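Worksheet: one structure, shown below.
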Amino acid sequence: MKILIDGIEIEAQPGETILEAAKRTGIHIPTLCYHEAFGGQGSCRFCMVEVTKNGSSRVVASCTYPVNDGIEVKTSTPQIDKIRRNIAMLLYKRAPNSLFMQTLYKEHLCTENNLTEDPHEKCILCRLCVNACASMGVSAISTVMRGTDKRVATPYDDAAAVCIGCAACAQVCPTGCIEVQEEGNTRRIWNRDFVMVACEDCGKKFATREQLAYIVDKSKQDSPEGELQLCETCRRKVIARKLETFNG
Ligand code: FES
């Protein structure tokens, strides 16, 4: 089906969202709570666009709104720019200590002063970290409390017994608010220390012991431990070498 985004005609696939169609064709729509691995959540509203069909227009979240034939999409209008400015302002108010939010605040020409509630806060509650943890099948963190006290935490703020220290939560966090400290062989995250395992080939510390044990347990293979002692880069090299040998 054909849709127009900012005057450019593009071929959209049934089932994809406006954001996915835009990304595929190189059109930028700003997002906060969206991640390719988890799709759209529709919670931050930063990806709002204007959609027009049969002469009537509405503003929708592009990360959850499915494409349909003949729609016209505008990614920037005075109304949308104002929505994004307000969101940037509110989220900056929540997380003023995040460099990411400070940049966003300036980029969107926010002018409101005296917004700070907690000058140390960096989290905007986008829930990407919670989704990342759940997608690993671990669910060591969740949102707790309500209203302005809402935050992401481990149960009772204790060192989570189920956490495997993979740091997927920190990798997807847009505002850099999840602290991961690595020193020597130790990674500290969510109030817990994990021993790091070094790649047998290049020596890079690439995973925690608990992470590898978890993968072994989940994979249910006979003996995957040997392969797991290699970091991603070295594992790819081994696979490439095997393929070369196989192809002669
Ligand atoms: Fe679409 Fe957050 S990116 S609502």
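When a ligand or atom number is given, it counts from 1 through the structure's own listing order. Small disclaimer: the values here were computed from a predicted structure and weren't measured.
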List every atom of ligand 1 that sits less than 4.0 Å from any heavy atom of S43, numbering the atoms from 1 in the order shown and giving each element. 4 (S)
Would you say R45 touches ligand 1, if touching means a heavy atom closer than 4.0 Å? yes
Under 4.0 Å, heavy-atom basis, I'd like to know which part of L19 is in contact with ligand 1: side chain, backbone, both or neither. neither
Does any N, O or S atom in C63 come within less than 2.8 Å of atom 1 (Fe) of ligand 1? yes
Do the charged groups of R151 and D157 touch, with an N to O distance under 4.0 Å? yes
Is the CD atom of E179 crowded by more than 12 outside heavy atoms at less than 6.0 Å? no
To the nearest 0.5 Å, how far apart are OH in Y105 and NZ in K93? 11.0 Å
Counting backbone and side chain alike, does C33 bring an N/O/S atom below 2.8 Å of atom 2 (Fe) of ligand 1? yes
Worked check of salt bridge (charged side-chain N to carboxylate O under 4.0 Å, His left out) between R235 and E232: CA-CA 5 Å; R235 196 163 37 226; E232 188 63 27; 3.0 Å; yes
Taking atom 3 (S) of ligand 1 as the point of reference, which of C44, C126, A61 owns the nearest heavy atom? C44
Looking at G42, which atoms of ligand 1 are within less than 4.0 Å of one of its heavy atoms? 4 (S)
Under 4.0 Å from a heavy atom of L32: give me the atoms of ligand 1 that qualify, with their elements. 3 (S)
Within ligand 1, which atoms have a heavy atom of C47 less than 4.0 Å away? 1 (Fe), 3 (S), 4 (S)
Counting from 1, what ligand 1 atoms have a heavy atom of Y34 closer than 4.0 Å? 3 (S)
Would you check whether G40 reaches within less than 4.0 Å of ligand 1, judged by its heavy atoms? no
Contact atoms of ligand 1, heavy-atom distance to T31 under 4.0 Å: 3 (S)
What one should report as the nearest heavy-atom pair of S135 and F38 is OG-CE2, 3.4 Å
Does E244 come within less than 4.0 Å of R241, counting only side-chain N to carboxylate O? no
Strictly below 4.0 Å, N to O, side chains only: are E121 and R94 in salt-bridge contact? yes
Salt bridge present between E11 and K2 (N-O < 4.0 angstrom): yes
